[in-house]
Amino acid sequence: MGFMDSGRKAVVLGISGVSSSGKTTLARLLRDIFPKTFILHEDDFYMTDVDIPVRDGIADWDCIEAINLPAFNDALSYIKTNGKSPPDLISQEDQNSVGESGVDPGVVKELHQEAHSKLNDQPALPLVIIDGFLLYSEDMKDIRELFDIKLFLRTDYKTAKARREARSGYVTLEGFWEDPPGYVDKVVWPNYVKDHAFLFKDGDVEGDLDEDVVERLAIDTMPIDAQGNMTACLRWAYKTVMEVMERYHD
C-alpha cells in the first residue's frame with residue numbers, strides 16, 4: 001500500500017466496484033465513523049445529460065466516456081493540495097438514496113467511538129473518500145494512482161442486477177434518469193466485465209482474483225464472505241483504513 005509524501009494534505013481512499021455493490025453505503029458509514037472525513041462521488045463528474053454516449057439507442061452512463069475525467073482529476077488534485085473539497089462542488093449524488101445499510105446502529109457507534117478514541121478526535125490528515133464504479137480500470141491509470149487506499153467491493157451478477165433494478169432512478173446534472181428495461185444486461189454488467197476482467201483469473205469477474213495483479217496495484221479486496229453482509233464489509237474496511245490513519249497519526 002503506497003503512502004503520500006509529507007506535502008500531501010489528505011489521506012485519499014477509493015471505494016470501487018460494480019454499480020450497486022454498496023460503495024456509497026460503505027462510504028457514508030465510514031464518514032459517520034471517522035473524524036474529519038468527507039466524500040467525493042465519481043458520479044458528480046458525469047458529463048451533461050446530452051453528452052452521455054449513446055450506443056444502440058441507449059444512453060451509456062456506465063462507461064469511461066460518460067465521466068468528465070479532467071474535472072475529476074482537477075478535483076482530486078485540489079483535495080491533495082488543500083485537504084478539503086473544492087468550494088464550487090455541489091454533490092448531485094448525495095441527493096440519491098442508497099436505502100438502509102442493514103448495519104446495526106450499535107456497530108456504527110462502537111466503531112465511531114473507537115476511531116475517535118484512537119485518533120483523539122483529530123487525525124493528522126483528513127480522510128477523503130472517493131466512491132465510484134470505475135476507479136481502478138486500466139483506462140483510469142492516472143487517477144488510480146492518486147489513491148492512498150484502494151478498496152474493491154466484489155458483487156456477483158445476480159445481486160448487482162437485483163439491486164440496480166430495485167432503484168427508482170438517479171438525479172443527474174440536468175434532470176432524472178431511470179434505467180430502461182434490460183439496462184443491466186445490455187450496459188452495466190458488460191461494461192463492468194470489460195473494465196475489470198484484468199483483476200480476475202481468466203477474466204472471470206465472478207471467479208478468483210488474480211492476486212499478483214491486485215497486489216501490484218495495491219488494491220484491498222473485500223473478503224468473499226462479506227458479499228451481501230454490509231456489517232462484515234464495514235468491519236473489514238474500517239480495519240484497513242484505520243491501519244493507515246494510525247500510521248499518519250503517530
If I take atom [atom1] from residue [X] and atom [atom2] from residue [Y], how far apart are they, to the nearest 0.5 angstrom?
X: T240; Y: M242; atom1: OG1; atom2: CE; value: 11.5 Å
X: D131; Y: L151; atom1: CG; atom2: CG; value: 11.5 Å
X: E243; Y: Y238; atom1: CD; atom2: OH; value: 10.5 Å
X: L234; Y: N229; atom1: CG; atom2: CG; value: 10.0 Å
X: L29; Y: C233; atom1: CG; atom2: SG; value: 9.0 Å
X: M230; Y: M222; atom1: CE; atom2: CE; value: 8.0 Å

Determine whether [X] and [Y] make a side-chain contact, defined as any pair of heavy atoms from C-beta on separated by less than 4.5 Å.
X: H112; Y: D32; answer: no
X: I130; Y: F72; answer: yes
X: F38; Y: I79; answer: yes
X: Y248; Y: L127; answer: no
X: K36; Y: L119; answer: no
X: L111; Y: R235; answer: yes
X: V108; Y: V103; answer: yes
X: F200; Y: V214; answer: no

Does [Y] offer a backbone N or O that forms a donor-acceptor pair with the side chain of [X] under 3.5 Å?
X: N73; Y: L69; result: no
X: N120; Y: Q122; result: no
X: K80; Y: L146; result: yes
X: E42; Y: L134; result: yes
X: T159; Y: D156; result: no
X: T81; Y: S77; result: yes
X: T37; Y: P35; result: yes
X: K150; Y: L217; result: yes

Inset, instruction - Decide, yes or no, whether a salt bridge links E206 with K158 under the criterion of side-chain N to carboxylate O below 4.0 Å. - result: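 Here E206 does not pair with K158 in a salt bridge, since their nearest N and O are not under 4.0 Å apart.
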Legend entry - Carboxylate-amine/guanidinium proximity below 4.0 Å for E145 and K141: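 Salt bridge between E145 and K141, a charged N being under 4.0 Å from a carboxylate O: no.
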Inset, instruction - Compare every heavy atom of F133 with every heavy atom of S19, then report the nearest pair and how far apart it is. - result: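 The pair with the smallest heavy-atom distance is N-CB, 4.5 Å.
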Inset, instruction - Kindly check if the number of other-residue, nucleotide or ligand heavy atoms within 6.0 Å of NZ (K186) is above 12? - result: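 No, the 6.0 Å shell around NZ holds no more than 12 heavy atoms from other groups.
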Inset, instruction - Mind jotting down which residue pairs meet the salt bridge (charged side-chain N to carboxylate O under 4.0 Å, His left out) criterion with at least one end in residues 55-75? Sequence neighbours excluded, please. - result: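 Qualifying pairs, neighbours excluded: R55-D60, R55-E65, D62-R164.
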Inset, instruction - Return the set of residues passing ring pair (Phe, Tyr, Trp, His ring centres under 6.0 Å) with H196 (not counting sequence neighbours), or none when no residue passes. - result: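 In terms of ring pair (Phe, Tyr, Trp, His ring centres under 6.0 Å), with neighbours along the sequence ignored, H196 is linked to F152, Y192.
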